[in-house]
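The model shown is predicted, which means the values in this text are computed figures rather than measured ones. Excluded from the calculations below are hydrogen atoms, water molecules and symmetry mates; all remaining heavy atoms, backbone and side chain alike, are included.
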Amino acid sequence: MRSRLSSLLPVLSGLAAGFLVAGPLAPIAHAQAPGGPPPKVTVAKPVVREIVEQDQYTGRFDAIDYVEVRARVTGYLEKINFTDGQTVKKGDLLFVIDRRPYKAALEQAQAALASAKARQSFSQTDLERAQTLSRSGNISEQVTDQRRQASLTAQADVDSAQAALNNAQLNYDFSEVKAPVNGRISRRLVTEGNIVSADQTMLTTIVSLDPIWFSFTVDEKSFLKYQSSLGIGMGQTQQGKGVPIMIALSGEAKPTRKGTLDFVDNRVDNATGTILLRATVPNADQYIKPGLFGIVSMPATKPFQGVMIPDEAVAANQDKRIVYVLGPDNVIQQKDVVLGPKVDGYRVIRSGLKGDESLVVNGIARVRPGAKVTPETVELPPSKT
């Protein structure tokens, strides 16, 4: 046993000498926290100016005047005096129905009137002669009464013949079909040589194009809002206080057509709970055709000072909408906001901002409440669109 210990002593002595040379154990190094400057963000003050909120609805254009042109007398269609699709004016000749039968009837009525007038003239002279003889006692009262009756009957025959002549003249005039309104005519629905029936055969249609109507419906809740804020439905049409509106056609990114809201229906539809509104839109270039759809933007409020920010400055926190505001010492603060509609490309803030704050508009993914940032201030343009 002693011999073994004696053999291990040199080894233990060597180990101790090694420890003394190396010194004490070096401490373990710890990782340092990441440093560097605060993140850079872009900040700007909200746009504050007078605005009017707009609501949008889909509607349809309608012609103010729409006429189904029909024959008013029966006969063979003799001539068509227009080109399909052309613009016509009130009174332009469109169709001619064979006039010969109606001309003959007119001449016959003229002759009948002349005959009735001749008989009336003779009976009137005969009555005057009888009245003269009656005063001298050379003719009986009975004969005088008979001649008076004959004169009255002749006058009635004249009136009847005059009425027949007027009717014949109307039929003769109706054999020429003329445009009842200004507008653009459709295609011919009957070709020459066909017989047309009075008040039944439709020959073509005409629609007016300038101006044109735009009709749309709004729900009763919105209508009550407009009635309170804008006064629509309160007799504004009679007072000449139409509400200005803007309309975008299909495929247009922005409204291009101006109009005036000048009609509100007198009742709410029981089935849909909506009410009809109508605007008059100038259409001098006749670009808009009846039946086209459009999107109308109409004012939803009176003018007010609005606070507006870009959508990029708005973040979400569960069911809330928040913005990041630059506080003292460039420390970020979080504010809850209530959003409104978009106006000129910006989002209206209904509540949560006063308008004098500096809020993060670029780089909100790099910030959090309580963090310090390096801000770069920019100025937002009045309109983003």
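Between the side chain of Gln200 and the backbone N or O of Ser197 there is no donor-acceptor pair closer than 3.5 Å. Not a single donor-acceptor pair under 3.5 Å links the side chain of Ser215 to the backbone N or O of Arg278. Asp219 places a side-chain N or O within donor-acceptor distance of the main-chain N or O of Ser222, the cut-off being under 3.5 Å. Although no hydrogens or angles enter the test, the distance criterion places a donor-acceptor pair under 3.5 Å between the side chain of Arg60 and the main chain of Gly291.
Using a 4.0 Å cut-off between charged nitrogen and carboxylate oxygen, Glu53 and Arg350 count as a salt-bridge pair. No salt bridge links Arg72 with Asp173; every basic N to acidic carboxylate O contact stays at or beyond 4.0 Å. Salt-bridge check for Lys40 with Glu376: failed, with every basic side-chain N at 4.0 Å or more from each acidic carboxylate O.
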Using the side chain to side chain contact (heavy atoms under 4.5 Å, CB included) rule, take Lys342 and Asp311 through it: C-alpha gap first, then chi angles, then the decisive distance, then the call. CA-CA 9 Å; Lys342 294 189 74 173; Asp311 279 333; 3.4 Å; yes
Side chain to side chain contact (heavy atoms under 4.5 Å, CB included) assessment of Glu357 paired with Lys335: CA-CA 11 Å; Glu357 302 89 344; Lys335 284 195 173 184; 3.8 Å; yes
Applying side chain to side chain contact (heavy atoms under 4.5 Å, CB included), run through Leu165 and Leu106 and close with a yes or a no. CA-CA 6 Å; Leu165 175 61; Leu106 176 61; 3.5 Å; yes
Could you go through Asp157 and Gln120, starting from their C-alpha distance and side-chain angles, then the distance that decides it, and tell me whether this counts as side chain to side chain contact (heavy atoms under 4.5 Å, CB included)? CA-CA 8 Å; Asp157 291 342; Gln120 192 273 338; over 6 Å; no
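Residues Ile51 and Arg49 are in side-chain contact: their nearest non-hydrogen atoms beyond the backbone lie under 4.5 Å apart. Contact check for Tyr287 versus Leu292: no side-chain heavy atoms found under the 4.5 Å cut-off. Counting heavy atoms from C-beta outward, Pro38 and Arg366 have side chains that stay 4.5 Å or more apart. Side chains of Lys45 and Leu380 form no contact here, defined as non-hydrogen atoms less than 4.5 Å apart. Counting only heavy atoms from C-beta outward, the side chains of Tyr346 and Pro382 never approach each other to under 4.5 Å. Leu94 is listed as a side-chain neighbour of Ile206, based on a closest heavy-atom distance under 4.5 Å. Between Val307 and Val348 there is no side-chain heavy-atom pair separated by less than 4.5 Å. The closest side-chain heavy-atom distance from Arg257 to Asn283 is below 4.5 Å.
The nearest pair of heavy atoms linking Pro290 to Ile212 is N-CD1, 3.9 Å. Residue Ala315 comes nearest to Tyr324 through the heavy atom pair CB-CE1, 4.3 Å, listed as atom of the first residue, atom of the second, then distance. When all heavy atoms of Ile322 and Ala316 are compared, the pair lying nearest together is CG1-N, 4.4 Å. Among all heavy-atom pairs drawn from Leu353 and Pro46, the shortest one is CD1-CG, 4.4 Å.
The cluster map of Ile, Leu, Val, Met, Phe, Trp and Tyr, joined by side-chain heavy atoms under 4.5 Å apart, puts Met298 and Ile288 in the same cluster. When hydrophobic clusters are built by joining Ile, Leu, Val, Met, Phe, Trp and Tyr residues whose side-chain heavy atoms come closer than 4.5 Å, directly or via intermediates, Ile245 is grouped together with Leu249.
The neighbour count for Glu107 CD, taken as heavy atoms of other residues, nucleotides or ligands under 6.0 Å away, is above 12. Heavy atoms of other residues, nucleotides or ligands lying less than 6.0 angstrom from CD of Glu379 number 12 at most. By the 6.0 Å contact criterion, CD on Glu192 is enclosed, its count of non-hydrogen atoms from other residues, nucleotides or ligands being greater than 12. Environment of NZ in Lys90: sparse, with no more than 12 heavy atoms of neighbouring residues, nucleotides or ligands closer than 6.0 Å.
If you take CD on Gln54 and OG on Ser297, they are separated by 6.0 Å, rounding to the nearest 0.5 Å. Taking NZ from Lys117 and CD from Gln162, the interatomic distance works out to 6.0 Å, rounded to the nearest 0.5 Å. In this structure, CG in Leu339 is found 13.5 Å from NZ in Lys320, a value given to the nearest 0.5 Å. With rounding to the nearest 0.5 Å, the separation of CD1 in Ile332 from NZ in Lys372 is 11.5 Å.
With sequence neighbours excluded, the residues satisfying ring pair (Phe, Tyr, Trp, His ring centres under 6.0 Å) with Phe95 are Phe82.
Hydrophobic cluster membership for Val96: Leu93 (Ile, Leu, Val, Met, Phe, Trp, Tyr linked by side-chain heavy atoms under 4.5 Å, directly or transitively).
Aromatic ring orientation, Tyr57 versus Tyr226: perpendicular (interplanar angle above 60°, classes split at 30° and 60°).
Annotation: side-chain hydrogen bond (donor to acceptor under 3.5 Å, both in side chains) contacts involving residues 177-188, sequence neighbours excluded, comprise Asp84-Arg188, Arg184-Gln286.
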